[in-house]
Amino acid sequence: MHTSALPEPPYYMVSFSSQRTDVDDGYGEIGYAMTNLASQQPGYLGFESARGADGFGILISFWKDEESIRAWKGVVDHVEAQRRGRQDWYSKYEIRVALVQRAYGFDSENQ
């Protein structure tokens with residue numbers, strides 16, 4: 001996993017926490033396609049994700065503003081992926097939208 005190179009705050013993040021089902025039917029392909037499609041949207045800044053062996057995962061996408069987030073939510077292919085997620089891939093999920101006002105970190109490789 002890597003962290004996204006992001007601008008100085010403020011910016012927004014959308015946290016998508018989910019529990020996977022056992023159904024795989026196209027999940028990886030659609031996930032890859034959605035990552036590529038999101039990266040082409042105005043206001044998109046990057047994403048980070050992780051998923052455990054138990055199927056619990058968190059994907060965080062970063063956006064310039066709330067308008068960009070709302071526009072992404074309504075992109076036709078994304079709407080279809082959301083439908084498939086509820087129907088096949090997730091037993092539950094939570095979405096949280098937050099304004100990042102401050103960000104800092106540590107990287108031992110860049111010391």
Side-chain angles (χ1 to χ4, degrees):
M1 186 182 106
H2 73 284
T3 57
S4 293
L6 297 167
E8 288 296 314
Y11 51 82
Y12 285 82
M13 59 185 277
V14 177
S15 168
F16 177 73
S17 302
S18 63
Q19 183 63 52
R20 283 288 318 274
T21 64
D22 292 334
V23 176
D24 194 48
D25 188 28
Y27 179 78
E29 294 82 6
I30 297 296
Y32 182 76
M34 290 302 101
T35 300
N36 285 336
L37 184 59
S39 71
Q40 298 169 23
Q41 302 308 304
Y44 174 84
L45 300 174
F47 84 99
E48 299 170 357
S49 68
R51 185 165 302 279
D54 64 353
F56 178 77
I58 299 174
L59 183 143
I60 300 173
S61 58
F62 300 96
W63 300 87
K64 175 184 167 188
D65 52 33
E66 287 189 279
E67 181 181 320
S68 301
I69 295 167
R70 280 190 286 277
W72 168 238
K73 183 171 174 40
V75 170
V76 172
D77 289 345
H78 186 215
V79 170
E80 175 59 16
Q82 293 170 55
R83 185 193 68 74
R84 286 287 313 275
R86 287 187 300 274
Q87 175 183 305
D88 297 325
W89 300 319
Y90 304 114
S91 60
K92 62 181 175 180
Y93 65 80
E94 290 287 332
I95 297 173
R96 297 169 182 96
V97 178
L99 173 63
V100 175
Q101 297 179 327
R102 185 169 25 119
Y104 55 91
F106 170 75
D107 183 349
S108 65
E109 293 180 15
N110 291 320
Q111 292 296 314

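Residues passing the salt bridge (Lys or Arg N to Asp or Glu O under 4.0 Å) test with Asp65, sequence neighbours excluded: none. Not counting sequence neighbours, the partners of Glu66 by the side chain to side chain contact (heavy atoms under 4.5 Å, CB included) test are Tyr12, Arg70. Here Tyr44 pairs with nothing under the side chain to side chain donor-acceptor pair (under 3.5 Å) rule; sequence neighbours left out. Every residue two or more places apart in sequence or in another chain was checked for a salt bridge (Lys or Arg N to Asp or Glu O under 4.0 Å) with Arg86, and none qualifies. Judged as a salt bridge (Lys or Arg N to Asp or Glu O under 4.0 Å), and not counting sequence neighbours, Glu67 has no contacts. With sequence neighbours excluded, no residue forms a side chain to side chain donor-acceptor pair (under 3.5 Å) with Gln19. By the salt bridge (Lys or Arg N to Asp or Glu O under 4.0 Å) test, Arg96 is found to be paired with no residue, residues two or more places apart in sequence or in another chain being considered. The side chain to side chain donor-acceptor pair (under 3.5 Å) test applied to Arg84 returns Asp25, Asp88, not counting sequence neighbours.
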Could you tabulate the donor-acceptor pairs under 3.5 Å formed by side-chain atoms of residues 28-36, not counting sequence neighbours?
from: Thr35; atom 1: OG1; to: Gly31; atom 2: O; distance (Å): 2.9

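Through direct or indirect side-chain contacts shorter than 4.5 Å among Ile, Leu, Val, Met, Phe, Trp and Tyr, Tyr104 is connected to no other residue. Taking Ile, Leu, Val, Met, Phe, Trp and Tyr as members and joining any whose side-chain heavy atoms lie under 4.5 Å apart, directly or through other members, the hydrophobic cluster of Ile60 also contains Leu6, Tyr11, Met13, Leu45, Phe56, Ile58, Phe62, Val100. Using a 4.5 Å cut-off between side-chain heavy atoms of Ile, Leu, Val, Met, Phe, Trp and Tyr, Val79 forms no hydrophobic cluster with any other residue.
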